Amino acid sequence: MLVDYTSLLEELQKALAKRYLEQPSFLNVPVRSTIMRLDQFYFLALYPDFPAVLGKITHIKTETVSEVLIRTGNLMVRREQRRPSLRLRLVWPEGRGRLKRAKLNVCFIHAGFIDRALLLYAQRQEPLPFSELRIEASDRGFVSHFLANKAEVAGFAFYDSSQTTRRHRPAESAR
């Protein structure tokens with residue numbers, strides 16, 4: 001039996017847009033969302049949480065969701081292992097100038113997948129803004145190796161923990 005990846009991808013995008021319309025914090029809110037916009041090329045998603053959530057709302061097996069996203073080029077994989085995730089140290093604002101840090105299993109989702117879903121099925125004309133989530137700068141090498149031969153993650157998506165203050169918000173200055 002041949003799998004129609006195009007139809008399944010469209011079904012995933014429709015479900016994602018519907019969930020976003022019902023619950024906007026489904027996307028792009030650190031701690032509450034399973035997927036956040038990292039830069040112009042990528043969303044960073046908790047793995048396997050994000051495919052599991054998409055599977056749940058579409059009634060498609062999690063493994064099938066991951067396979068569809070991988071085969072359509074929307075879930076980045078490490079070429080030699082076809083592994084879609086890695087553990088990264090992440091940083092996000094917790095309030096009152098404090099930062100929260102955690103090492104989490106994540107995957108990179110092509111931003112076009114989310115942007116197209118929201119444009120076509122949620123009538124959102126503008127892409128979502130960059131999230132306040134950042135990757136620790138010390139993990140930059142892991143990210144570069146994982147995404148070898150693909151678009152690099154923008155520099156502002158990394159947080160240098162040696163910085164003591166952040167005078168501007170990269171999401172605002174990068175646009």
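Computed from a predicted structure; not experimentally measured. Position 1 is the first residue of the sequence; numbering continues from there.
Within the model, atoms CG of Asn74 and SG of Cys107 stand 11.0 Å from one another, a figure rounded to the nearest 0.5 Å. Considering CG of Leu133 and CZ of Arg37, their distance stands at 13.5 Å, rounded to 0.5 Å. Between the CZ atom in Arg124 and the CG atom in Asp115 there is a gap of 9.0 Å [rounded to 0.5 Å]. With rounding to the nearest 0.5 Å, the separation of CZ in Phe130 from CZ in Phe43 is 9.5 Å. Taken from NZ in Lys18 to CD1 in Ile57, the straight-line distance is 8.5 Å, to the nearest 0.5 Å. Here the NZ atom belonging to Lys61 is positioned 13.0 Å from the OG atom belonging to Ser66, to the nearest 0.5 angstrom.
Using a cut-off of 4.0 Å between Lys/Arg side-chain N and Asp/Glu carboxylate O, Glu136 and Arg101 are scored as salt-bridged.
In this structure, Leu12 and Val65 have side chains that are in contact, with non-hydrogen atoms separated by less than 4.5 Å. Inter-residue side-chain proximity for Arg89 and Ile135 is flagged as unmet; no heavy-atom pair is nearer than 4.5 Å. Between Trp92 and Leu99 the shortest side-chain heavy-atom distance does not fall below 4.5 Å. At a threshold of 4.5 Å between non-hydrogen side-chain atoms, the residues Leu27 and Leu16 count as touching. Side chains of Leu104 and Leu46 form a contact here, defined as non-hydrogen atoms less than 4.5 Å apart. Using a 4.5 Å heavy-atom threshold, the side chains of Glu10 and Tyr121 count as touching. Counting heavy atoms from C-beta outward, Ser131 and Pro30 have side chains that approach closer than 4.5 Å.
Note: Tyr42 and Phe108 meet the aromatic proximity criterion, with ring centroids under 6.0 Å apart.
Relative to the six-membered ring of Phe146, Arg78 misses at least one condition, a distance below 6.0 Å or an angle of at most 45° to the axis.
Ring geometry for Phe113 versus Phe50: interplanar angle over 60°, hence perpendicular rather than tilted (30 to 60°).
Within a 6.0 Å sphere centred on CD of Glu152, heavy atoms belonging to other residues, nucleotides or ligands number 12 at most.
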